[in-house]
Amino acid sequence: DAKTTQPTSMDCAEGRAANLPCNHSTISGNEYVYWYRQIHSQGPQYIIHGLKNNETNEMASLIITEDRKSSTLILPHATLRDTAVYYCIVRARAHGSSNTGKLIFGQGTTLQVKP
Amino acid sequence: GAGVSQSPRYKVAKRGQDVALRCDPISGHVSLFWYQQALGQGPEFLTYFQNEAQLDKSGLPSDRFFAERPEGSVSTLKIQRTQQEDSAVYLCASSFFSISLAGGTDTQYFGPGTRLTVL
């Protein structure tokens, strides 16, 4: 699975957009970009994933560059409850016993949303 | 249930004791994962089940760690002769993905974790 690089920490003002970058320059053609977040004392929570097209759901938007070597997770209107560690994970979709879909987490980005 | 549940939420053990951590996955979820999360670190994979079959145990750190899922639903992670370095949060996740069916979303849903402290 490709390695990802994320900033250690970021701040964001409440109500503003939070843009969390992730570099994955060694991503393979069959690998997806997944984002999870972990609020303090809770288990990780799935946010969004994508292959090459931009994706949007009720939680966030995912922008993937054309060369797929980097991506940005966008929380359009950050709230205090969005304070968490955000993990960018790159891996192929689970498809067999050789790839069961286990997640390989890095250190993530600690996002602090401030009032 | 509505989500993945784990029990106990907190466990304190004396060094050398055996512990058992329980995971109740989302009903109908075929895949089940265990992860270990040390303080200040991201979770690390321990083991994977599809139904009752343990297909990947490559992340188990030693033979003191044992996991089972005998009926393909509830899973137990057992740690024998606990040591201080076993202190961590143990996370369980489940997903609907089935290798045999080669399909289904592989989004993983995590429980709140069990915080194990070994004194």
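In what follows, chains carry the letters A, B, and so on, assigned in the order in which the sequence lines appear, proteins first and then strands, with residues in each chain numbered from 1. Since the structure is predicted, the reported quantities are computational estimates derived from the model, not experimental observations.
Looking at every heavy atom in both residues, A:Tyr87 comes nearest to B:Gly42 through OH-CA, 3.5 Å.
B:Phe45 and A:Ile89 fall within a single hydrophobic cluster, where Ile, Leu, Val, Met, Phe, Trp and Tyr side chains are chained together by heavy-atom contacts under 4.5 Å. Placement of B:Tyr109 and B:Phe49 in two distinct hydrophobic clusters is found when ILVMFWY residues are connected by side-chain heavy-atom separations under 4.5 Å, directly or transitively. With hydrophobic clusters built from ILVMFWY side chains whose heavy atoms lie under 4.5 angstrom apart, A:Met59 shares a cluster with A:Leu20. A:Ile48 and A:Ile64 fall within a single hydrophobic cluster, where Ile, Leu, Val, Met, Phe, Trp and Tyr are joined by side-chain heavy atoms under 4.5 Å apart, directly or via other members.
Contact of the A:Phe105 side chain with the B:Tyr35 side chain is registered, since non-hydrogen atoms from C-beta on lie closer than 4.5 Å.
Against chain B, the residues from residues 38-46 of chain A that qualify, each with a non-hydrogen atom under 4.5 angstrom away, are A:Gln38, A:Ser41, A:Gln42, A:Gly43, A:Pro44, A:Tyr46 in number order.
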(request) Could you check A:Tyr36 against B:Phe110 for side-chain contact (heavy atoms from CB on, under 4.5 Å), going step by step and ending with a plain yes or no? (result) CA-CA 10 Å; A:Tyr36 280 76; B:Phe110 284 79; 3.9 Å; yes

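Atom CZ of B:Arg9 sits in a crowded spot, with more than 12 heavy atoms from other residues, nucleotides or ligands closer than 6.0 Å. Within a 6.0 Å radius of CD in A:Glu55, other residues, nucleotides and ligands contribute more than 12 heavy atoms. Heavy atoms of other residues, nucleotides or ligands lying less than 6.0 angstrom from CZ of A:Arg16 number 12 at most. Under a cut-off of 6.0 angstrom, the local environment of CD in B:Glu71 is sparse, with at most 12 non-hydrogen atoms contributed by other residues, nucleotides or ligands. Surrounding CG of B:Leu39 are at most 12 heavy atoms belonging to other residues, nucleotides or ligands under 6.0 Å away.
Of the two parts of B:Gln37, only the side chain, counted from C-beta on, holds a non-hydrogen atom closer than 4.5 Å to a non-hydrogen atom of chain A. Neither the backbone nor the side chain of B:Thr47 comes within contact range of chain A; no heavy atom of the residue lies under 4.5 Å from a heavy atom of that chain.
Residue A:Lys102 forms a side chain to side chain contact (heavy atoms under 4.5 Å, CB included) with just one option from B:Trp34, B:Tyr48, B:Phe33, and that option is B:Phe33.
For the atom pair CD1 (A:Ile47) and OG1 (B:Thr107), the distance works out to 12.0 Å, reported to the nearest 0.5 Å. Annotation: the span from A:Leu103 atom CG to B:Glu44 atom CD amounts to 13.0 Å, rounded to 0.5 Å.
Chain A forms the most heavy-atom pairs under 4.5 Å with one residue out of B:Pro43, B:Gly113, B:Pro112, and that residue is B:Pro43.
Under the rule for a side-chain hydrogen bond (donor to acceptor under 3.5 Å, both in side chains), B:Asp63 has no partner lying at least two apart in sequence or in another chain.
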